[in-house]
Trainee: 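Could you have a look at this structure, given as structure tokens, before my questions?
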Amino acid sequence: ANLIAHARFDLHCSDATLKDTKEALQKKNIYMERLWSCPRRELTLVYHTDVLMKHLTSPDIWAYLMTLGYPMNLDLSSILSHLKLRVIESGGFPHEIGVFLGY
């Protein structure tokens, strides 16, 4: 996965262009998830679903994430929702963001 800090997409990119980009990426099982947004900036996680899930569910990483309150199910949507909450709560980058990025 990669984390991209950028100007908001809607300031520099039409809805049609963004939709086309997301569709092209999804054909390769790559997704974009907005983790945080303000009027001018966004943090977007770009990830390959299968690779990210395989990484996150390795025993050591999974045990670590559970100590931080991540859901015990294997639903990526729930995991990413919790990550969004942690980004907001930390006011920036929670320590575990490195786990999602493969550090």
Side-chain angles (χ1 to χ4, degrees):
N2 284 299
L3 186 63
I4 304 167
H6 55 87
R8 283 186 56 131
F9 282 124
D10 59 357
L11 295 177
H12 302 285
C13 181
S14 72
D15 288 340
T17 301
L18 183 57
K19 181 179 180 253
D20 291 345
T21 301
K22 285 184 174 186
E23 287 175 358
L25 290 172
Q26 287 175 1
K27 289 177 184 175
K28 297 181 183 282
N29 207 21
I30 298 172
Y31 294 85
M32 298 167 55
E33 184 77 29
R34 180 185 302 141
L35 297 181
W36 175 84
S37 179
C38 75
R40 297 185 59 208
R41 310 269 314 144
E42 292 183 345
L43 285 177
T44 300
L45 185 71
V46 179
Y47 61 93
H48 187 283
T49 304
D50 298 335
V51 174
L52 183 58
M53 277 304 292
K54 183 178 179 184
H55 176 68
L56 294 178
T57 57
S58 70
D60 290 341
I61 291 174
W62 191 246
Y64 172 66
L65 291 176
M66 286 193 317
T67 67
L68 298 172
Y70 280 81
M72 295 178 72
N73 62 38
L74 296 178
D75 175 44
L76 186 57
S77 176
S78 297
I79 295 168
L80 293 177
S81 290
H82 193 80
L83 177 60
K84 287 179 189 180
L85 178 63
R86 296 276 297 155
V87 168
I88 292 167
E89 289 175 344
S90 71
F93 296 98
H95 291 291
E96 72 270 16
I97 197 86
V99 169
F100 287 83
L101 303 176
Y103 299 157

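Note: hydrogens, waters and symmetry copies are ignored here, and every other heavy atom, side chains too, is used.
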Trainee: Is Asp60 atom CG crowded by more than 12 heavy atoms from other residues, nucleotides or ligands, each under 6.0 Å away?
Mentor: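 12 or below, so no.
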Trainee: Of all heavy-atom pairs between Ala7 and Arg41, which one has the smallest distance, and what is that distance?
Mentor: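 In terms of heavy atoms, the two residues are closest at N-NH1, 3.3 Å.
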Trainee: Look up atom NE2 in His95 and atom CZ in Arg86, then write down how far apart they are to the nearest 0.5 Å.
Mentor: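 CZ of Arg86 is found 8.5 Å from NE2 of His95.
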Trainee: Rounded at 0.5 Å granularity, tell me how far OG1 in Thr57 sits from CD1 in Ile61.
Mentor: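 Between atom OG1 of Thr57 and atom CD1 of Ile61 there are 8.5 Å.
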Trainee: How long is the gap from CD1 on Ile4 to OG1 on Thr44, to the nearest 0.5 Å?
Mentor: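 Taking CD1 in Ile4 and OG1 in Thr44, the distance rounds to 6.5 Å.
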Trainee: If Ile, Leu, Val, Met, Phe, Trp and Tyr residues are connected whenever their side-chain heavy atoms lie under 4.5 Å apart, and connections chain through other members, are Tyr64 and Tyr103 in the same group?
Mentor: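 As far as the 4.5 Å side-chain criterion goes, Tyr103 and Tyr64 are connected within one cluster.
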Trainee: For the hydrophobic clusters of this structure (ILVMFWY residues joined by side-chain heavy atoms under 4.5 Å, transitively), does one cluster hold both Tyr47 and Met32?
Mentor: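 No; tracing contacts between hydrophobic side chains, which count when under 4.5 Å, never links both residues.
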Trainee: Within the structure provided, determine whether Tyr31 and Leu25 are in side-chain contact (heavy-atom separation under 4.5 Å).
Mentor: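 Result no, sub-4.5 Å side-chain heavy-atom pair not found.
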Trainee: How long is the gap from CG on Leu83 to CD1 on Ile88, to the nearest 0.5 Å?
Mentor: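 If I round to the nearest 0.5 Å, the distance is 10.0 Å.
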Trainee: Less than 4.5 Å apart, any side-chain heavy atom of Leu45 and any of Ile97?
Mentor: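 Of all side-chain heavy-atom pairs linking Ile97 with Leu45, none is under 4.5 Å.
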Trainee: State plainly whether one hydrophobic cluster holds both Leu68 and Trp36, where clusters connect Ile, Leu, Val, Met, Phe, Trp and Tyr through side-chain heavy atoms under 4.5 angstrom apart.
Mentor: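 Linked, Leu68 and Trp36 end up in one cluster.
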Trainee: To the nearest 0.5 Å, how far apart are OG1 in Thr49 and NZ in Lys28?
Mentor: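 So the OG1 of Thr49 and the NZ of Lys28 are separated by 14.0 Å.
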Trainee: Are Leu52 and Ile30 joined in one hydrophobic group, where the rule is that I, L, V, M, F, W and Y side chains link up if heavy atoms are under 4.5 Å apart?
Mentor: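 Hydrophobic grouping puts Leu52 apart from Ile30.
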Trainee: Could you tell me whether the side chain of His55 and the main chain of Val99 form a donor-acceptor pair under 3.5 Å?
Mentor: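 Flag set: sc His55 to bb Val99 pair under 3.5 Å.
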Trainee: Could you report the tightest heavy-atom contact between Leu3 and Phe93, atom names first, then the distance?
Mentor: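 So the minimum-distance heavy-atom pair works out to CD2-CE2, 3.3 Å.
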Trainee: Just verifying a value: how many Å separate Ser78 OG and Met72 CE, rounded to the nearest 0.5 Å?
Mentor: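 These two atoms lie 13.0 Å from each other.
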Trainee: Mind listing the closest non-hydrogen atom pair of Phe100 and Leu56 along with its distance?
Mentor: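 It is CE2-CD1, 3.6 Å.
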Trainee: Using a strict cut-off of less than 4.0 Å between a Lys/Arg side-chain nitrogen and an Asp/Glu carboxylate oxygen, indicate whether Glu23 and Lys19 qualify as a salt bridge.
Mentor: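 Looking at Lys19 together with Glu23, the answer is yes, because their closest N to O distance falls below 4.0 Å.
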Trainee: Side-chain contact test, heavy atoms from C-beta onward, threshold under 4.5 Å: evaluate it for Glu89 versus Pro94 and give yes or no.
Mentor: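 Heavy-atom side-chain distance check fails, nothing below 4.5 Å.
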Trainee: Count I, L, V, M, F, W, Y as connected when their side-chain heavy atoms are under 4.5 Å apart, and connections chain through other members. Are Leu43 and Leu101 then in the same cluster?
Mentor: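 Leu43 clusters together with Leu101.
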